[in-house]
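Here is the structure we will look at, set down as structure tokens.
This is a predicted model, so every value here is computed, not measured. Labels below follow one simple rule: chain letters A, B, ... track the order of the sequence lines, proteins then strands, and each chain is numbered from 1.
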Amino acid sequence: MSEQPKRTLVTSALPYANGPIHIGHIAGAYLPADLYVRYLRLKKRDVVWVCGSDEHGAAITLRARKENTTPRAIVDQYHEEMQAAFAGLDIAFDHYDRTSSKEHHDFAQGFFLDLLKKGAFTEETRQQFYDPEEQQFLADRYIQGTCPKCAHDAAYGDQCEKCGSALSPEDLVNPRSTLSGAAPEMRETTLWYLPMDRHERWLREYLESGVLDGAGHHDPKAWKAHVLGQCRSWIDGGLQSRAMTRDLDWGVPVPVEGAEGKVLYVWLDAPLGYITATRNWAQKNGVDWKPYWQDKDTQLVHFIGKDNIVFHCIIFPILLKEQGDYLLPHNVPANEFMNLEGDKISTSRNWAVWAQDYVDDFNGRSDEMRYVLASIMPEQRDSEFTWPDFQARVNNELADVLGNFVNRVFVLSGKFHDGKAPGASGNWTAVDQALRDLITATPGLVGEAIERYRFRDALQHAMGLVRAGNKYLTEEEPWKVVKTDPDRAADILHLALQVTANAAIVLAPFLPRTAARIAAALGTSDLPWDAAGVALVAAGQPLGSLPILFEKITDEQVAEQQGKLGAGVEGMRDVEPEKAQTTFDDFQAMDLRVAEVLTAEKVKGADKLLQLTVRTGYDERTVVSGIAEHFSPEEVVGRKVMLLANLAPRKIRGVVSQGMVLMASTEDGGLRFVTPEEGAEPGDIIR
RNA sequence: GGCGAGGUAGCUCAGCUGGUUAGAGCGCAGGAUUCAUAAUCCUGAGGUCGAGAGUUCAAGUCUCUCUCUCGCUACCA
């Protein structure tokens with residue numbers, strides 16, 4: 001890639017249309033892209049930024065079923081809501097698309113067929129049970145039937161829990177679907193896999209050296225350490241084949257004869273959405289989309305969160321290279337995660353600041369949130385958002401430093417120069433010249449940082465100009481000088497106005513609304529980045545009125561926002577749907593007992609496992625339990641527990657487990673023992 | 001358990017290929033000032049750079065061990 005690409009295509013991770021957007025999303029993949037793109041637009045570069053809703057997948061169908069609605073209704077809802085939230089924070093995509101569109105389906109299918117023709121996939125065909133009522137293939141555990149060995153009538157497709165036999169679904173006598181209860185049919189199914197191990201060699205070269213097809217492609221040093229580290233980790237660990245299709249009914253249908261009920265897996269579906277979105281953008285604007293994805297002089301940049309690195313740096317590049325017509329990413333400046341008030345953001349616990357809530361509660365104050373998120377963006381490591389910090393940054397930096405500076409300049413101009421920009425004598429002092437130099441240098445400093453994806457740095461540089469302006473006014477004291485030397489006072493204010501106008505330019509990506517208001521009041525609206533300089537505000541320019549730019553955030557507002565965190569989750573839990581109906585006989589088949597833990601120790605080589613010895617009242621036995629991350633061995637010794645005693649023995653990490661200790665898994669991902677009331681003794685039967 | 005990324009002033013974070021007294025913003029203390037949203041400006045106090053060992057004339061910056069956090073991954077009947 002040359003120093004200056006002819007054009008740039010920017011993408012932001014497609015948000016999953018299964019829930020609203022929160023500030024973690026914004027800070028991760030949308031705000032940085034927005035800053036980058038706004039800057040490039042001001043630089044008058046050729047840039048297109050696309051995004052869209054990721055609308056397919058099992059989570060959406062499951063949710064639809066649970067809420068007794070359709071997948072279409074769910075994605076329609078979130079497609080609208082997410083766009084409103086983005087707009088409220090002035091996240092300004094060139095085009096926001098969706099993967100459920102006809103155009104995307106057509107394109108993704110064509111892409112799949114291209115890959116198929118080129119032999120990019122391996123096919124694996126096998127017999128699998130199919131539920132004719134639910135019209136879908138059934139995973140092994142969704143099939144029950146009679147065990148061929150012990151005649152237990154509720155054996156699962158992978159194992160009989162009574163006699164412990166490992167089974168295949170087709171071994172079952174009288175199989176039935178646990179989804180509908182219907183008798184499943186045997187159908188042949190073909191899955192397409194992407195054998196990624198074939199691609200290790202060139203991938204390594206592409207990632208480590210920035211070399212693709214023997215030619216320099218990008219500068220690997222420009223990539224973030226954690227991005228390259230994670231890719232290296234994957235490649236070193238050996239790349240596995242990944243299924244590129246799924247037996248589902250909500251997605252892009254696999255365009256192959258006999259592949260009914262199959263869709264493209266999200267690994268293939270979602271990233272192709274970037275291309276579809278670009279095509280739709282181009283059509284809307286009457287231009288050719290191809291250069292943006294196919295011309296060697298185009299730079300491709302993916303903005304994502306760290307959970308998406310492998311996806312964008314390994315799998316998608318493999319697909320693109322196999323197909324052959326498309327560019328591979330030149331950088332993937334993934335951000336880390338943003339925590340919230342001491343805890344990680346959690347949708348299910350409502351531990352989040354929802355973008356739409358912020359927009360509703362702080363009407364018209366999107367710049368404040370943009371500023372704070374840009375200040376604490378998790379560029380190199382996880383960062384943390386707190387409301388008191390939000391308050392401090394808005395009050396001490398935006399209001400006191402920026403807002404007050406602009407206000408000082410306007411008030412001084414109004415008082416001493418009749419609301420018009422004073423002209424300059426041209427007799428600059430050393431102090432003046434230093435400030436003029438800073439004005440000249442700042443756009444370059446900010447721009448360079450942005451181009452290196454160092455947005456916090458960039459913001460610091462931009463604010464540095466404003467700080468210098470405050471210092472200049474305080475030290476030059478034009479309100480005093482005006483009494484003795486009006487011409488000198490005019491020079492000072494003239495320069496202060498230039499600072500203000502330049503600040504409006506370099507802050508424009510971060511604070512688009514505020515920058516526009518300042519520029520409008522100075523008569524310097526819509527200037528490109530490169531117009532920045534020491535003579536923006538002409539002598540005699542009437543200065544518009546400018547109200548207070550930033551209101552302070554009150555302690556009450558902070559408390560109110562903090563009070564919202566985690567609220568309202570009771571009674572509306574995001575629970576798993578209830579399982580299919582069972583029978584009393586099935587329940588009777590389980591032997592539940594009170595037991596007491598006698599000893600406990602960690603299983604070596606496993607983080608989550610404890611090896612327990614339990615007393616059942618009639619024997620002592622070993623049970624392996626996946627609770628080590630939640631309980632230390634000392635904590636569990638002596639406890640009375642609920643034991644599934646007649647569970648088939650199974651070897652786990654080399655230890656034979658004879659039974660299962662039952663636990664309640666809590667909403668926050670924790671575990672709790674199900675402890676019998678005082679008086680229950682080991683061996684007591686639970687029924 | 002394996003792999004990756006981190007652990008730097010009270011807080012949020014920078015510190016590139018090892019090199020003079022370790023930085024920024026905010027907060028804090030003292031001072032200046034009043035054009036301005038009790039705003040601004042100056043000065044200062046704060047850090048054994050997670051712990052320990054090693055390489056080097058010289059180490060947040062390289063090596064090893066340990067520890068904690070986050071992520072991916074295996075085990076979780």
Side-chain angles (χ1 to χ4, degrees), chain A residues 156 158-159 161 164 221 224-237 240 305-307 309-310 334 336-337 339 344 372 375-386 388-389 392-393 395-416 452 454 456-457 459-461 463-464 467 469-482 489 492-493 496 547-552 602-610 623-630 644 647-655 657-663 665 671:
Chain A
Y156 287 98
D158 54 348
Q159 191 188 15
E161 306 217 333
K221 289 202 198 74
K224 298 188 183 189
H226 72 268
V227 174
L228 287 176
Q230 200 175 122
C231 293
R232 205 172 295 135
S233 163
W234 268 68
I235 297 177
D236 288 349
Q240 310 295 316
K306 69 170 157 183
D307 49 337
I309 289 173
V310 172
E336 305 251 359
F337 288 158
N339 294 316
K344 54 181 76 172
V372 172
S375 302
I376 61 172
M377 197 172 272
E379 290 173 343
Q380 319 283 348
R381 57 171 131 168
D382 291 358
S383 68
E384 173 148 335
F385 178 98
T386 69
D389 181 65
R393 289 180 191 276
N395 293 358
N396 304 332
E397 298 176 34
L398 281 181
D400 291 350
V401 175
L402 174 60
N404 185 46
F405 171 69
V406 173
N407 188 239
R408 295 172 85 183
V409 172
F410 274 74
V411 168
L412 287 168
S413 301
K415 259 184 196 167
F416 301 125
R452 293 172 57 212
R454 308 293 291 257
R456 315 160 64 122
D457 248 15
L459 184 51
Q460 282 296 315
H461 282 302
M463 286 298 284
R467 292 178 200 284
N470 265 323
K471 180 181 167 76
Y472 180 72
L473 282 184
T474 301
E475 290 179 353
E476 296 303 310
E477 303 181 301
W479 52 90
K480 273 187 186 167
V481 175
V482 72
I492 295 168
L493 219 45
I548 295 299
L549 290 175
F550 299 103
E551 297 292 337
K552 301 240 172 159
K602 294 203 65 168
V603 175
K604 67 278 167 211
D607 286 354
K608 298 186 181 176
L609 302 180
L610 285 187
V623 174
V624 177
S625 187
I627 59 176
E629 287 185 330
H630 304 275
L644 179 54
L647 184 62
R650 176 149 165 172
K651 197 185 252 190
I652 302 160
R653 280 264 146 185
V655 182
S657 179
Q658 302 166 291
M660 174 174 171
V661 174
L662 304 189
M663 309 289 294
S665 68
L671 292 175

For A:Glu384, answer base if it contacts any base atom (sugar-phosphate contacts may also be present), sugar-phosphate if it contacts only those atoms, and nothing otherwise; contact means non-hydrogen atoms under 4.0 Å.
sugar-phosphate
Say we look at B:C11 and B:G27: how far apart would their P atoms be, to the nearest angstrom?
15 Å
Pairing partner (Watson-Crick or G-U wobble, both distances under 3.5 angstrom) of B:C76:
none
Distance between the C1' atoms of B:A45 and B:C28, in whole angstroms?
9 Å
Considering every strand and a 4.0 Å limit on heavy-atom distances, what is the contact class for A:Ile376: base, sugar-phosphate, or nothing?
sugar-phosphate
For A:Asn339 and B:G7, give me the distance from atom CG to atom C1', rounded to whole Å.
14 Å
Checking contacts here: which listed nucleotide (B:G6, B:C35, B:G71) is nearest the side-chain heavy atoms of A:Lys306?
B:G71
Mind checking whether A:Asn407 and A:Leu549 have side chains closer than 4.5 Å, heavy atoms only?
no
Counting any heavy atom closer than 4.0 Å, what does A:Ile548 reach on the DNA or RNA strands: base, sugar-phosphate only, or nothing?
base
Strictly by Watson-Crick or wobble contacts shorter than 3.5 Å, is anything paired with B:C26, and which nucleotide is it?
B:G10
Kindly point out which of B:G71, B:G6, B:C35 is positioned nearest to the side chain of A:Ala225?
B:G6
Do the non-hydrogen side-chain atoms of A:Ile376 and A:Glu384 ever get within less than 4.5 Å of each other?
no
Starting at atom CD of A:Glu629, determine the distance to atom C1' of B:C70, rounded to an integer number of angstrom.
13 Å
Please report the distance separating the C1' of B:G71 from the corresponding atom of B:A9, rounded so that it comes out in whole Å.
28 Å
If we call it a pair only when both distances are under 3.5 Å in a Watson-Crick or G-U wobble match, what pairs with B:U20?
none
Which label fits B:G50, syn or anti, where anti is any glycosidic angle not within 90° of 0?
anti
Reckon A:Leu549 touches a base, only the sugar-phosphate, or nothing at all at heavy-atom distances under 4.0 Å?
base
Tell which nucleotide pairs with B:G4, taking only Watson-Crick or G-U wobble pairs whose two distances are both under 3.5 angstrom.
B:C70
Any idea which of B:U37, B:C13, B:G25 is nearest the A:Arg456 side chain?
B:C13
Give, for atom CZ of A:Arg452 and atom NZ of A:Lys221, the distance between the pair rounded to the nearest 0.5 Å.
13.0 Å
Pair assignment for B:U55, Watson-Crick or G-U wobble, requiring both distances under 3.5 Å
none
The reported gap from NZ in A:Lys224 to CZ in A:Arg381 (rounded to nearest 0.5 angstrom) is 12.5 Å
Are any of the side-chain heavy atoms of A:Leu412 and A:Leu473 separated by less than 4.5 Å?
yes
Counting heavy atoms from C-beta on, name the nucleotide in B:C35, B:G4, B:U33 closest to the side chain of A:Lys480.
B:U33
Atom CD of A:Gln240 and atom C1' of B:A74: how far apart are they, to the nearest Å?
12 Å
Could you tell me if the side chain of A:Arg653 sits less than 4.5 Å from the side chain of A:Val624, heavy atoms only?
no
Determine if the base of B:G6 is syn or anti; take syn to mean the glycosidic torsion is within 90° of 0.
anti
What nucleotide, of B:C35, B:C76, B:G6, holds the atom closest to the side chain of A:Leu609?
B:C76
Distance check, C1' atoms only: B:C41 and B:A5, in whole angstrom units.
41 Å
Using modelled atom types and a 3.5 Å cut-off, is there a donor and acceptor pairing between side-chain atoms of A:Gln230 and backbone atoms of A:Ile309?
no
Taking atom CD of A:Glu551 as the centre, report whether more than 12 heavy atoms of other residues, nucleotides or ligands fall under 6.0 Å from it.
no
Whether A:Lys552 side chain and A:Ala399 backbone form a donor-acceptor pair below 3.5 Å
no
Taking the P atom of each, how far is B:A29 from B:U67, in whole Å?
41 Å
Just compare B:U8, B:A36, B:U34 and give me whichever is closest to any side-chain atom of A:Trp479.
B:U34
A:Trp234 has a side chain; which of B:U33, B:G25, B:C72 sits nearest to it?
B:C72
Looking across every strand, which nucleic acid part, if any, lies under 4.0 Å from A:Phe337 by heavy atom: base, sugar-phosphate, or nothing?
sugar-phosphate
Base-pairing mate for B:U37 - Watson-Crick or G-U, with both contacts under 3.5 Å:
none
Checking all strands, does A:Lys344 fall into the base, sugar-phosphate, or nothing category for heavy-atom contacts under 4.0 angstrom?
sugar-phosphate
Looking for any heavy atom pair under 4.0 Å, which part of the strands does A:Arg454 touch: base, sugar-phosphate only, or nothing?
sugar-phosphate
About how many Å separate CE of A:Met377 and CZ of A:Arg454, when rounded to the nearest 0.5 Å?
12.5 Å
Write down the distance separating the C1' atoms in B:A51 and B:A39, rounded off to the nearest Å.
45 Å
Salt bridge between A:Glu336 and A:Lys306, side-chain N to carboxylate O under 4.0 Å?
yes
Flag, side chain of A:Ser233 to backbone of A:Gly229, donor-acceptor distance under 3.5 Å
no
Does the side chain of A:Arg381 get closer than 4.0 angstrom to OP1 or OP2 of B:A14 through an N or O atom?
yes
A:Asp382 CG to B:C70 C1': how many Å, rounded?
5 Å
Would you give a per-nucleotide map of nucleotides 60-67 of chain B, 5' to 3', where B means the base has a protein non-hydrogen atom under 4.0 Å away, S means only the sugar-phosphate does, and - means neither?
--------
Report the residue (A:Phe550 or A:Val310) whose heavy-atom-nearest nucleotide on RNA chain B is the more 5′ of the two.
A:Phe550
Inter-nucleotide C1' distance (B:U43, B:U8), Å rounded:
24 Å
Give a yes or no on whether the backbone of A:Ala392 and the side-chain of A:Asn396 come within a donor-acceptor separation of less than 3.5 Å.
yes
Take the protein atom CD of A:Glu477 and the nucleotide atom P of B:U33, then report the distance between them rounded to whole Å.
9 Å
Given side-chain contact (heavy atoms from CB on, under 4.5 Å), test A:Asn470 with A:Arg408 step by step and report yes or no.
CA-CA 9 Å; A:Asn470 265 323; A:Arg408 295 172 85 183; 2.8 Å; yes
Quick check on RNA chain B: between A:Ser657 and A:Glu551, whose nearest nucleotide comes earlier from the 5' end?
A:Glu551
Roughly how far apart, to the nearest Å, are B:G30 and B:G6 at atom C1'?
37 Å
B/S/- along nucleotides 38-44 of chain B (protein heavy atoms under 4.0 Å) is -SBSS--
Rounded to whole Å, how long is the line connecting atom NZ of A:Lys602 with atom C1' of B:C76?
12 Å
Starting from C1' on B:G27, measure out to CD on A:Glu397 and report it in whole angstrom.
11 Å
To the nearest Å, how far apart are A:Leu402 CG and B:C26 C1'?
16 Å
Describe the nucleic acid contact of A:Glu336 in one word from base, sugar-phosphate, nothing, applying a heavy-atom distance below 4.0 Å.
sugar-phosphate
Looking at A:Ser383, does any N or O in its side chain come under 4.0 Å of the phosphate oxygens OP1/OP2 on B:C13?
yes
